Enquirer: 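Encoded as structure tokens, here's the structure I'll be asking about.
Lettering of chains follows the sequences in order, A, B, ..., and the numbering in each one begins at 1. As a basis for the values below, the full set of heavy atoms in this structure was taken, side chains included, without hydrogen atoms, waters or symmetry mates. The structure presented is a predicted model; accordingly, all values stated were derived computationally and were not measured.
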Amino acid sequence: MPELPEVEVIRRGLERHVIDAEIVDAEVFTSRSVRRHLAGAADFVARVRGRTLVAARRRGKFLWLVLDDDAALLTHLGMSGQVLVQPAGAPDEPHLRIRFRLADGRELRFVDQRTFGSMAISLGGDVIPPELAHIAPDPFEAAYDEDVVVEDLRRRRTNVKRALLDQSLVSGIGNIYADEALWEARLHYARPTETLRRSEAHRVLAATRMVMAAAMSAGGTSFDALYVGVDGQSGYFARELQAYDRVGEPCSRCGSPIRRDRFMNRSSFICPSCQPRPRRPHW
DNA sequence: GCTTGCGCCTGAATGC
DNA sequence: TGCATTCAGGCGCAAG
């Protein structure tokens, strides 16, 4: 599942492989994959044809390739999106949604099994695209100010995991790294945000940075073929996960078996000893 | 204005 | 065996 570290690995791959490449043509096979491009698939193709890719940028889980006319190819991978750079003649993937033919014969491909991802042309240029105005800076941006996020977090009337997943508070965190950061910070997912001490809020935010930085250097987290880099290689951070997808395995801090709870209609993996459920009204 | 819940989607895994 | 159901979860939007 692509979260910030996986998207960053892909961004770096694109920076290495397709910057300065020219798009000579494109084909959209699934119109849903360009649903965020309101002018439609034909307009999408017309706007990339003949353009050269000049930069690869990212905020949170959003990725964009800046074009030489100052528009940008804005991409979100959703649950299963992949951006691949393939040599000429490589067979089409089963879920190939968009193909970009590059001048040197290679192809940039958007492959997406579940079609939660999408591409669009943003006219925003080489800054933050206007479509991303509601997305907060991620923990690796210069614009990120942890003190501001801590205060915002403590003003919320919700629980800490929902807040971490809210891209308008801090971006880039999905279910996997939320669980990992909460495990690291020894906080229960249902902890009310208004009861967080400043030190606890800083602790969990620092943990998101630490965990995602480690995941980036491992090439991201791959559970299956649904997440790969631009060259099709899997990341190997899954073996370093402490809580996520480790039901029944001993917590590396205390030995208690990791448990899986249903929370917010999704899985939450916790150590029941290190991350005890908060008791109301005080703890 | 802020918080919460649902629908979108496909394929693997599970249930009967 | 085969068909039906459940599950995975990021995002945008509607409802509360």
Enquirer: Any chance you could measure E146(A), atom CD, to T208(A), atom OG1, to the nearest 0.5 Å?
Expert: 7.5 Å
Enquirer: When you check the gap from the basic side-chain N to the acidic O, do D166(A) and R156(A) get nearer than 4.0 Å?
Expert: yes
Enquirer: Are R109(A) and F100(A) side-chain neighbours, meaning at least one heavy-atom pair lies under 4.5 Å?
Expert: no
Enquirer: Mind checking F263(A) for me? I need base, sugar-phosphate or nothing, with any heavy atom below 4.0 Å counting as a touch.
Expert: nothing
Enquirer: Please determine whether a side-chain nitrogen of the Lys or Arg among R12(A) and E15(A) lies less than 4.0 Å from a carboxylate oxygen of the Asp or Glu.
Expert: no
Enquirer: Working to the nearest 0.5 angstrom, can you tell me the gap between R155(A) CZ and E194(A) CD?
Expert: 13.0 Å
Enquirer: So if I take residues 156-181 of chain A and measure heavy-atom distances to DNA chain B, which residues fall below 4.0 Å?
Expert: R156(A), R157(A), T158(A), R162(A)
Enquirer: Does the plane of the ring in F62(A) sit parallel, tilted or perpendicular to the ring in H76(A)? Use 30° and 60° as the thresholds.
Expert: perpendicular
Enquirer: So do the side chains of L153(A) and L169(A) get within less than 4.5 Å of each other, counting heavy atoms only?
Expert: yes
Enquirer: Let me know the distance between NZ of K61(A) and P of dG12(C), rounded to the nearest Å.
Expert: 10 Å
Enquirer: Could you tell me how far apart R155(A) (CZ) and dC2(B) (C1') are, to the nearest whole angstrom?
Expert: 13 Å
Enquirer: Using the six-membered ring wherever Trp is involved, compare the ring planes of F237(A) and Y177(A) and label them parallel, tilted or perpendicular (cut-offs 30° and 60°).
Expert: tilted
Enquirer: Each nucleotide N or O in nucleotides 8-13 of chain B that has a protein N or O under 3.5 Å away: list the pair and distance.
Expert:
from	atom 1	to	atom 2	distance (Å)
dG11(B)	OP1	H95(A)	NE2	3.2

Enquirer: For I135(A) and dC11(C), give me the distance from atom CD1 to atom P, rounded to whole Å.
Expert: 6 Å
Enquirer: dC11(C) P sits how many Å from M264(A) CE, rounded?
Expert: 12 Å
Enquirer: Rounded to whole angstrom units, what separation is found between the CZ atom of R266(A) and the C1' atom of dC6(B)?
Expert: 12 Å
Enquirer: Does R11(A) make a cation-pi contact with W64(A) (under 6.0 Å, within 45 degrees of the axis)?
Expert: no
Enquirer: Out of dG12(C), dC6(B), dG9(C), which nucleotide sits closest to the side chain of N265(A)?
Expert: dC6(B)
Enquirer: OH of Y189(A) versus C1' of dT4(B): gap in Å, rounded?
Expert: 17 Å
Enquirer: Could you check whether R35(A) gets within reach of a base, just the sugar-phosphate, or nothing at all, counting any heavy atom under 4.0 Å?
Expert: nothing
